[in-house]
Amino acid sequence: MSAIKVQLPDGSTRSLEEGSNARDLAGAIGSRLAKDALAAQVNGELTDLTRPLENGDVVAIVTPASDLGRDVLRHSTAHVLAQAVVRLWPGAYYAIGPSIRDGFYYDFELPHGARFSDDDLGRIEDEMRSIVAEDQPFLRSEYSIDEGLQLFKDQPFKVEIISGVGSGANPEDATEVGGSVVSTYSNTPEFQDLCRGPHVPSTKRLGHFRLMRVAGAYWRGDEKRPQLQRIYGTAWESKEALSAHLTQLDEAEKRDHRRLGQELDLFSFPSELGPGLAVFHPRGGTVRRVMEEYSRTRHVAGGYEFVNTPHITKAELFETSGHLDWYAESMYPPMDLDDGQQYYLKPMNCPFHVLIFKARQRSYRELPLRMFEFGTVYRYEKSGAVHGLTRVRGMTQDDAHIFCTREQMAQELADLLDFVLGLLRDFGLNDFYLELSTRPDVKSVGSDDEWNEAETTLADVARGAGLDLLIDVGGGAFYGPKISVEARDAIGRTHQLSTIQLDFQTPQRFEASYIAADNARHRPIMIHRALFGSVERFMAILIEHYAGNLPTWMSPEQVKVLGVRDDHDSCAHDVAAALRLDGVRVSVDEANEPLGARIRRAKMEKVPYILVVGDEDVVSHTVGVNARGANDPERGVSVEDFRARLRAEIATHGSPELARAT
RNA sequence: GCCUGGGUAGCUCAGUCGGUAGAGCAGCGCAUUCGUAAUGCGCAGGUCAGGAGUUCGAAUCUCCUCCCAGGCUCCA
């Protein structure tokens, strides 16, 4: 009997009989591993356990509690979902069912125009559990393209995928099939699915899943093609992991900015105004004001000048800029005025800033010229796209446009990236990576040379920042590529925040120029940049990042002072007055309710500091300090000490709580 | 825009078979004077999202519109 040798991830080698597979290997290593094994990674390629190994292969056994393992079991759970749906709705078409972050989905079209409703999820889940209990093996078979077409002749979506692979029309289908071989998995003769694999050995290895929701999804993500119904599920390697995930979803829901916005009385969306139009209440208005004031201060220091522009304009402006060519659909419809002119609400600030640049002749000595505006724009977002403060129809951008020479742009961009990251850090975000979005396939203007230069310049700047850099192919604006700063929040979610776009086109379209040292006209280049993105969205992200516990410097109310009895109220007012001298936002909650009730209310309002004054404090000029997030209140803190502490915390934008939590 | 689900007091929600509207919190009034997350009693609060229809009778059934949620598409 000849033997083969395979290499393990730790570098050691094992001898196996010829024809052995990864399951045999796992068994040879240990019974525990054999029991856990879900799939294998052979020379970097994910495969079933049953595929025969070859001499010299590098083999890793994939187990459930790993990213690859979860991926495999989620994918297999998606197959079980499809099988369950076909059992319950004979004749259902099933399209694709990949694993995704935290789970999986599968897209279906039911016969006779039937549709899933939320109530169906329970029955489907029950059916899936019986399939799991039946301990069905996942068996792989391989066919030619023609055989595959015959096999799935009753499944139009599968036929399209197989034909697509044959013709090479959809390269991404190669992830469903594999090259020119059509592979399938069947658990029982009743259900067979087109799939590249790999899968777990048997359905009994699954089971810690839950179907989450049903949603519409266009076939191949194309809104012109039929809309299928997608069922989303989550699946994990253990009951504990599943329940931890569900708990985390609950936690995320508790910090949802829409919920906190209501609970903390920050903002609302009056239905009288229409979708995606928010009003900021006094408390939310305070947060906004603090954010804007801080941003202004930083921009002054950063060499920006401040401009203002109107909210509506004649159509001509957006014809020149090109926005009407690409974005007319998502602009509010024009107003037709008596003079025959059409006026639009502005969806962008940049063309206005170009006009300011053009208002007089410019010299190279003025460059870089940095114009900043909190510019309110209106975009007619599709009704299904609006979402809380993060996707609205009226928003204020912290928008600036920098006009500079080609020689200046690399340095200017590098300085800008530095400026951006510094500002974001001041708001308490500090885990970043960058994304470079390149020229879109169709929606774009300009020459290849210009785009190449712009992309190369941005890429160099991005790499110079020393952060991870991802490439988002085709994700740029129509006039130029962009760098976006992505930030991870306190619960690990990532948000696209600042964008920096390099634009050679707009100055040309508007024929902007400056006089250079050679006494000739030259074309400036333009950098578009927004740091918050929009004030509304950035506020939403911060609210969720801090779970509503905004750091003291941003809190709508920073201190609440409570007297123990009503004869302490005047002392409470004195303390508040002293703090107010320091610019602290402070109020007094007078003692006509029990202290505990007032403490509770202040806690629910997430006030950073609750000060209590009683008999001892009146005598010794002290307060009791109940800090948000601290375990125990302090007693007998001198008013002067507290003032100094608070001043320092506010000045440094400190967040003792977040520091405590991490 | 499309698919699914939803809209009852300021907020969170209950409301059975179609029989005429309910709780807790918040608000207001009175009493209570208290040392770190809920003092007691009382009062007031509703076009059941809006409109049309079926019915002796509609929060409840049907249709249309508006708004919200989760997705898909889109996101300068």
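In what follows, chains are A, B, ... by sequence order, proteins preceding strands, each numbered from 1.
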- Taking the P atom of each, how far is B/rG18 from B/rA23, in whole Å? 24 Å

- Query: Which pairs count as ring-ring contact (aromatic ring centres under 6.0 Å, His included) when at least one residue sits in residues 615-635 of chain A, sequence neighbours excluded?
  - Reply: none

- Which whole number of Å gives the distance between the C1' atom of B/rC68 and that of B/rU16? 27 Å

- Message: Please confirm whether the ring centroid of A/F108 lies under 6.0 Å from the ring centroid of A/Y94.
- Response: no

- Message: Can you list everything that forms a ring-ring contact (aromatic ring centres under 6.0 Å, His included) with A/Y93? Sequence neighbours excluded, please.
- Response: none

- Calculate the interatomic distance between A/D265 atom CG and B/rG27 atom P; express it in whole Å. 12 Å

- Task: Using heavy atoms to find the nearest nucleotide of RNA chain B for A/D118 and A/R393 separately, return the residue whose nucleotide is more 5′.
- Result: A/R393

- Task: Please state how far atom CD in A/E263 lies from atom P in B/rA26, giving the value in whole angstrom units.
- Result: 14 Å

- Whole Å only: how far is the CZ atom of A/R259 from the P atom of B/rG10? 20 Å

- Task: Can you tell me, in whole Å, how much space there is between the P of B/rC41 and that of B/rG24?
- Result: 10 Å

- Message: Looking only at the side chains, is there a donor atom on one of A/H495 and A/E486 sitting less than 3.5 Å from an acceptor on the other?
- Response: no

- Summarise protein proximity over nucleotides 12-17 of chain B in one line of letters, 5' to 3': B for base, S for sugar-phosphate only, - for none, counting protein heavy atoms closer than 4.0 Å. ------

- Item | For A/R643, all residues meeting salt bridge (charged side-chain N to carboxylate O under 4.0 Å, His left out), sequence neighbours excluded | A/D582, A/E640

Under 3.5 Å between N/O atoms: give me all the protein pairs with nucleotides 30-33 of chain B, atom names plus distance.
residue: B/rU33; atom: O2; partner: A/D566; partner atom: N; Å: 2.9
residue: B/rU33; atom: N3; partner: A/D566; partner atom: OD2; Å: 2.9
residue: B/rU33; atom: N3; partner: A/A591; partner atom: O; Å: 3.2
residue: B/rU33; atom: O4; partner: A/D566; partner atom: OD2; Å: 3.1

- Message: Considering every strand and a 4.0 Å limit on heavy-atom distances, what is the contact class for A/D617: base, sugar-phosphate, or nothing?
- Response: base

- Test of ring centre spacing under 6.0 Å for A/W236 and A/F209: no

- Query: OH of A/Y609 versus P of B/rA37: gap in Å, rounded?
  - Reply: 18 Å

- Task: Report the residue (A/R601 or A/D119) whose heavy-atom-nearest nucleotide on RNA chain B is the more 5′ of the two.
- Result: A/D119

- Give one of base, sugar-phosphate or nothing for A/S383, where a contact means two heavy atoms less than 4.0 Å apart. base

- Message: Please name the nucleotide paired to B/rC13 by Watson-Crick or G-U wobble geometry with both distances under 3.5 Å, or report none.
- Response: B/rG22

- Query: Could you give the CD-to-P distance, from A/E329 to B/rC2, as a whole number of Å?
  - Reply: 14 Å

- Item | Strand partner of B/rC41, provided both Watson-Crick or wobble distances fall under 3.5 Å | B/rG29

- Per-nucleotide protein contact string for nucleotides 71-76 of chain B (B base, S sugar-phosphate only, - none; heavy atom under 4.0 Å): BBBBBB

- Query: Checking side-chain hydrogen bond (donor to acceptor under 3.5 Å, both in side chains) for the pair A/T376/A/T396: CA distance, chi angles, key distance, verdict?
  - Reply: CA-CA 4 Å; A/T376 302; A/T396 302; 2.9 Å; yes

- Going by atom types alone, do A/S330 and A/R379 pair a side-chain donor with an acceptor below 3.5 Å? no

- With A/E381 via salt bridge (charged side-chain N to carboxylate O under 4.0 Å, His left out) - residues at least two apart: A/R391

- Both distances under 3.5 Å, Watson-Crick or G-U wobble: report the partner of B/rG57, or none. none

- Query: Under a 3.5 Å cut-off for both distances, is B/rA49 Watson-Crick or wobble paired, and to whom?
  - Reply: B/rU65

- Query: Is the NZ or CZ atom of A/R628 both under 6.0 Å from the centre of the six-membered ring of A/Y609 and within 45° of that ring's axis?
  - Reply: no

Would you tabulate the nitrogen or oxygen pairs shorter than 3.5 Å linking the protein to nucleotides 43-45 of chain B?
none

- Item | With A/E511 via salt bridge (charged side-chain N to carboxylate O under 4.0 Å, His left out) - residues at least two apart | none

- A/A512 to A/P524 - nearest heavy-atom pair and separation: O-CD, 3.2 Å

- Item | Under the side chain to side chain contact (heavy atoms under 4.5 Å, CB included) test, residues paired with A/E590 that sit two or more places apart | A/D569, A/H573, A/V588

- Message: Which nucleotide, if any, forms a Watson-Crick or G-U wobble pair with B/rC72, using both distances under 3.5 Å?
- Response: B/rG1

- Task: Provide, to the nearest angstrom, the distance between the CG atom belonging to A/L211 and the P atom belonging to B/rU4.
- Result: 18 Å

- Message: Could you work out, with salt bridge (charged side-chain N to carboxylate O under 4.0 Å, His left out) as the rule, every residue matching A/E316, not counting sequence neighbours?
- Response: none

- Pairwise P distance for B/rC63 and B/rC75, with rounding to whole Å: 35 Å

- Query: Looking at B/rG35, does its base get a donor-acceptor pair with the side chain of A/D615 below 3.5 Å?
  - Reply: no

- Query: When rounded to the nearest Å, what value does the distance between C1' atoms of B/rU4 and B/rA9 take?
  - Reply: 29 Å

- Rounding to the closest angstrom, what is the interatomic distance between B/rA58 and B/rC17 at atom C1'? 14 Å

- Query: Roughly how far apart, to the nearest Å, are B/rA14 and B/rG46 at atom C1'?
  - Reply: 15 Å

- Message: Is the phosphate of B/rA69 approached by A/R258 (side-chain N or O, under 4.0 Å from OP1 or OP2)?
- Response: yes

- Message: Over 60° means perpendicular and under 30° means parallel, so tell me whether A/H528 and A/H401 are parallel, tilted or perpendicular.
- Response: perpendicular

- Query: With a non-hydrogen cut-off below 4.0 angstrom, is A/R598 in contact with a base, only sugar-phosphate, or nothing?
  - Reply: nothing

- Task: Carefully, step by step, assess A/R210 and A/T234 under the rule side-chain hydrogen bond (donor to acceptor under 3.5 Å, both in side chains).
- Result: CA-CA 5 Å; A/R210 178 177 294 183; A/T234 186; over 6 Å; no

- Message: Tell me the interatomic distance from A/Q229, atom CD, to B/rC2, atom P, rounded to whole angstroms.
- Response: 15 Å

- Given the C1' atoms of B/rU39 and B/rU32, what is the spacing between them in whole Å? 7 Å

- When the distance from CG of A/L277 to P of B/rC67 is rounded to whole Å, what number comes out? 10 Å

- Message: Under the salt bridge (charged side-chain N to carboxylate O under 4.0 Å, His left out) definition, can you give me all pairs with a residue in residues 97-119 of chain A, not counting sequence neighbours?
- Response: A/D107-A/R230

- Pair assignment for B/rU36, Watson-Crick or G-U wobble, requiring both distances under 3.5 Å: none

